[in-house]
Amino acid sequence: MSGERYNPREMEPKWQQVWADAKSFVTSNDDPREPYYVLEMFPYPSGRIHMGHVRNYSMGDVVARYYRAKGRNVLHPMGWDAFGLPAENAAIERKTHPGTWTRQNIEAMKAQLQSMGLSIDWTREIATCEPEYYQHQQSMFIDMMEAGLVTRKQSKVNWDPVDMTVLANEQVIDGRGWRSGALVEQRDLTQWFFKISDMAEELLEGLDGLTEWPEKVRTMQRNWIGKSQGLAFEFGLKGAPAGFDTLPVYTTRADTMRGPTFAAIAADHPLARALGEGNPAIAEFNAQCMRMGTSEAAIEQAEKLGYDTGIKVTHPADPSWELPLFIANFVLMDYGTGAVIGCPAHDQRDLDFARKYDLPVIDVFKPLDSDEPVGDTAFVPLKTQKVRYVQWFGEPGAEITCQEAMDQTLALFEKNGWGKAQAQYRLRDWGVSRQRYWGCPIPVIHCEVCGTIPVPKKNLPVVLPEDVTFDKPGNALDHHPTWKHVNCPQCGASARRETDTMDTFVDSSWYFARFTAPHAETPTEPTVADHWLPVDQYIGGVEHAILHLLYSRYFTRAMKATGHIGIDEPFKGLFTQGMVTHETYKSPKGDWVAPVDVLLETIGEDRKAKHLQSGEPITIGSVEKMSKSKKNVVDPDEIVATYGADTARWFMLSDSPPERDVQWTEAGVEGASRFQQRVWRLVGETIELIQQSADTAREAADQEAQALRKSVHRAVHNVASDIEGLRFNRAVAQIYELTNALVRSAGLVAASPATRIAALEEGVGSLVQLIAPMMPHLAETCWSALGKPGLVADAAWPEVDPALLVDDEITLPIQVNGKRRAEIVVSKGLAAAEVEQRVLSLDEIARILDGKPVKKIVVVPDRIVNVVV
RNA sequence: GCGGGCGUGGUGGAAUGGUAGACACACCGGACUUAAAAUCCGGAGGGAGUAUUCCCGUGCGGGUUCGAGUCCCGCCGCCCGCACCA
């Protein structure tokens with residue numbers, strides 16, 4: 001067998017079948033071993049898996065298989081985030097029902113995932129589009145309504161006035177509807193909300209406990225929640241319509257209250273609307289402000305526009321101080337009170353606005369070392385920076401930090417009754433209404449007599465009708481001829497079903513809990529959920545750093561409040577992996593060319609490309625995230641067919657740090673494939689050596705054997721800690737090093753089999769176990785060839801002998817003035833004084849010192865020596 | 001625009017504030033072969049030198065430190081998120 005190449009196409013399906021037959025990865029809730037829950041973000045069933053999935057699921061599988069080897073009862077499930085817009089788009093484009101399209105996609109993708117050899121418990125598979133799943137979501141929605149966690153209120157949507165439909169943000173391109181091309185308008189709709197802002201403080205505080213989350217994700221969530229401490233006050237109004245006596249405002253910069261030169265309100269502020277009613281010019285300006293998408297990025301990047309209302313606001317500290325009131329397109333009604341003070345000197349946006357409308361600029365404070373007034377760049381120092389206050393409510397000329405000035409101003413305003421200190425959050429309530437068919441129906445009935453009432457739980461699920469058409473734009477559920485007509489469950493009068501469906505973020509906010517009891521008749525089995533949760537290790541893309549993860553944290557608390565779960569935080573450990581990128585290629589005509597159609601040649605250091613079929617020269621472009629539009633995608637199916645799943649998995653784990661982007665290259669895959677063969681050859685060679693030395697004593701060992709055992713145990717130790725720390729690329733590097741040592745050692749065994757064969761045999765056995773989480777099929781094949789009992793998937797992680805991890809001699813680098821000049825070998829823990837003496841007696845050091853006096857010697861024990869002259 | 005991140009040889013990258021470039025890919029040389037592939041052995045950040053060796057070097061500019069890829073300040077470039085894509 002030693003001469004044969006390893007054939008993944010033959011072995012991979014074989015082992016997949018063996019694992020399936022043995023139910024190797026089916027997890028029992030009753031298993032007494034310590035539980036470990038590893039979860040990768042479940043995929044949207046787009047039809048085919050992509051390399052990003054391969055990377056994500058390879059990482060999760062390493063973790064799952066590793067902890068299984070460490071004796072944990074591992075839960076590693078998989079499901080489908082199956083509701084959402086693309087299914088409706090497909091329905092329009094291909095005339096297939098969203099359900100049919102989605103279920104076909106799930107079948108296809110499941111087969112692809114299975115060909116990867118993932119250690120997934122498929123008996124727990126769920127799809128969010130099935131009533132078996134979403135009925136529980138409806139039932140929890142009702143529980144949450146009854147617990148006061150849900151509300152209905154007005155909120156803005158993107159409205160396409162031609163298609164007469166609501167658009168998602170991604171369907172708005174440059175302010176226009178993607179199909180109609182019409183200018184999009186903001187329109188108010190009454191919608192359903194989860195009151196997440198009530199929980200802002202708790203969600204913020206909870207972040208401190210998430211110590212196994214990346215710091216950047218916690219920072220992003222903190223900023224998203226956006227707690228600020230500021231001043232709430234009221235401007236007086238002069239010349240405003242009846243009923244508008246004061247204008248409530250909130251500012252985070254109380255220290256600048258001597259600096260405002262204007263005030264501004266949002267175009268949909270009640271005052272702006274009232275003004276518009278009596279003034280066509282204002283009405284037109286307001287309408288113009290509403291003619292853009294609802295996305296914050298679009299609003300903030302739009303040109304700053306204002307309209308001077310002619311109304312004056314009066315300052316709370318001095319009613320004789322009047323400022324003009326503008327309506328401005330960059331003021332958001334959703335944040336604070338929908339009104340702002342404009343302090344141009346210390347806010348760039350306000351400064352741009354002031355310059356454009358020729359408003360005065362008042363410097364409130366200046367840098368300590370300058371008296372220059374603000375020009376075209378606002379002076380916005382850190383709150384902890386000391387500045388000199390020239391125009392404020394405290395001591396003139398005070399040199400203090402902005403924070404100190406804010407605190408003093410807040411105290412003064414509170415004392416004089418001019419305003420009050422207030423905490424404010426940026427976080428808005430979670431709007432869950434979607435005017436779409438392919439989502440979980442909101443289980444509510446609108447009755448003219450009884451009002452808006454939940455569907456009685458005995459009538460759940462509210463199932464989506466199958467017979468829908470997509471021949472006109474808009475909500476197919478709303479267009480259905482009969483579905484929405486029901487009798488009121490309370491009074492029996494004819495009533496109307498809610499035709500909004502839920503945001504798909506709701507579906508993904510509790511699936512991790514459903515996996516713990518996927519067939520339960522209630523949303524969860526609370527004791528089982530609490531047994532498994534929180535998820536020990538959650539793995540997915542950074543793009544979910546805020547919304548999905550914050551909503552899941554909220555929903556878990558809401559589930560706790562309604563008795564479905566006993567925990568607050570769903571994910572104990574979080575890991576965000578980077579994207580998969582690839583070079584881009586362009587033809588002479590400028591069209592994108594797919595990698596499969598490109599032939600790459602390397603001549604010396606030059607890389608050239610030409611078209612595989614036509615032979616025309618191809619330009620190699622930048623490395624970018626794989627996307628269909630740039631055609632720089634590689635199909636996992638083709639990779640698995642050519643190289644096998646293990647190679648694809650190995651390559652995705654090697655080289656690049658998992659949190660960073662990884663570049664897919666043909667050369668890299670081939671390298672991974674060669675390594676697979678190298679391991680297989682090593683195993684074959686080892687088996688031959690074992691057979692030849694069958695009669696020799698196995699316990700003997702010489703120095704070579706001892707050195708090998710050290711590398712083996714060190715590798716086992718390091719790979720384990722690298723996997724636990726999710727440093728897969730370093731684990732791979734350790735395995736490469738061990739393999740190199742084993743190959744070298746195999747060559748030496750022939751010279752002295754009696755003393756070395758045992759060490760080699762042990763080392764190769766350990767190597768197979770180290771690669772098992774990453775290349776499980778190859779590992780099983782080697783394991784069985786080596787004659788080991790059972791499956792490597794069931795084998796316990798190899799034990800490490802701690803005595804083999806310590807070195808008694810250390811190579812100490814010696815620096816002179818921070819530059820490395822020599823090194824000495826010392827015994828571990830040698831006293832600093834002795835090290836100093838030995839260093840100074842070195843010829844190289846004496847030569848470099850050249851008689852100059854030594855100022856000081858820094859000795860870091862067992863690490864480094866620095867001689868300062 | 002706002003928030004977050006990243007930047008190290010030809011390439012992917014390694015490096016608790018302590019020998020910059022581990023490990024791998026690509027490349028070059030050698031062995032094996034009729035030959036090629038595969039495999040095995042060796043070389044290699046850049047520059048100078050036969051060589052001992054020396055100088056330069058972690059996007060750019062400053063700073064802290066005995067010592068900075070790592071910490072601080074200011075730039076530049078790229079990427080992600082911005083609440084109805086998932």
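Values in this document were obtained by computation on a predicted structure and should not be read as measured data. Chain identifiers are assigned alphabetically (A, B, ...) following the order of the sequence lines, protein sequences preceding nucleic acid strands; residue numbering begins at 1 within each chain.
- The gap from the P atom of B:C25 to that of B:U70 amounts to 30 Å, rounded to the nearest Å.
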Test side chain to side chain donor-acceptor pair (under 3.5 Å) on A:Asn740 and A:Arg678; report intermediate values, then the result. CA-CA 10 Å; A:Asn740 289 342; A:Arg678 185 170 155 93; 2.5 Å; yes
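- The CG-P distance, from A:Asp655 to B:A26, rounds to 11 Å in whole Å.
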Please report the C-alpha distance between A:Phe505 and A:Trp430 in whole Å, then the side-chain angles of each, then the deciding distance to 0.1 Å, and finally whether the ring pair (Phe, Tyr, Trp, His ring centres under 6.0 Å) criterion is met. CA-CA 10 Å; A:Phe505 275 125; A:Trp430 175 10; 7.3 Å; no
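- Geometrically, A:Arg426 engages A:Trp224 in a cation-pi contact, judged by NZ or CZ lying under 6.0 Å from the ring centre and within 45° of the ring axis.
- At a threshold of 4.0 angstrom between heavy atoms, the contacts of A:Lys855 with the nucleic acid are absent.
- Residues meeting the side chain to side chain donor-acceptor pair (under 3.5 Å) test with A:Asp352, sequence neighbours left out: A:Gln348.
- Residue A:Trp664 contributes atom CH2, which lies 15 Å from atom P of B:C25 at whole-angstrom precision.
- The aromatic ring centroids of A:Tyr538 and A:Phe575 lie 6.0 Å or more from each other.
- When the P atom is used for both B:C41 and B:G46, the distance is 24 Å, rounded to whole Å.
- Atom P of nucleotide B:U19 and atom CG of A:Asp862 are separated by 14 Å, given to the nearest angstrom.
- Taking atom P in both B:A14 and B:G9, one finds a spacing of 13 Å when rounded to whole Å.
- Using a 4.0 Å heavy-atom criterion, one finds that A:Asp334 contacts no nucleic acid atom at all.
- Residue whose closest nucleotide on RNA chain B sits further toward the 5' end, between A:Ala667 and A:Glu659: A:Glu659.
- Rounding to whole angstrom units, CD1 of residue A:Ile771 and P of B:C23 are separated by 20 Å.
- A:Thr128 places a side-chain N or O within 3.5 Å of a backbone atom of A:Ala82 that can act as its donor or acceptor partner.
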Detail all sub-3.5 Å separations between protein N/O atoms and N/O atoms belonging to nucleotides 41-45 of chain B.
none

Determine, for nucleotides 78-86 of chain B in 5'-to-3' order, which nucleotides have protein heavy atoms under 4.0 Å from the base (write B), from only the sugar-phosphate (write S), or from neither (write -). -SSSBBBSB
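- Glycosidic conformation of B:G9 is syn; the angle stays within 90° of 0.
- Scanning for side chain to side chain donor-acceptor pair (under 3.5 Å) contacts around A:Arg179 gives A:Asn89, with sequence neighbours left out.
- B:U39 and B:C56 have their C1' atoms separated by 39 Å, with the value rounded to a whole Å.
- Where pairing requires Watson-Crick or G-U contacts shorter than 3.5 Å, the helical stems of RNA chain B with at least three consecutive pairs are B:1-7 with B:76-82, B:10-12 with B:23-25, B:27-31 with B:39-43, B:45-48 with B:53-56, B:59-63 with B:71-75.
- With salt bridges taken as basic N to acidic carboxylate O contacts below 4.0 Å, none links A:Glu40 and A:Arg55.
- Spacing between B:A83 and B:C73 at atom C1', rounded to whole Å, works out to 34 Å.
- For A:Glu296 and A:Gln301, the side-chain atoms include no donor-acceptor pair closer than 3.5 Å.
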Before you tell me yes or no, could you show the steps for A:Asp160 and A:Thr165 under side chain to side chain donor-acceptor pair (under 3.5 Å), namely the whole-Å CA-CA distance, both residues' side-chain angles and the distance that decides it to 0.1 Å? CA-CA 5 Å; A:Asp160 185 322; A:Thr165 183; over 6 Å; no
Using a cutoff of under 3.5 Å, can you pull out all pairs of nitrogen or oxygen atoms linking the protein to nucleotides 68-73 of chain B, with atom names and distances?
none

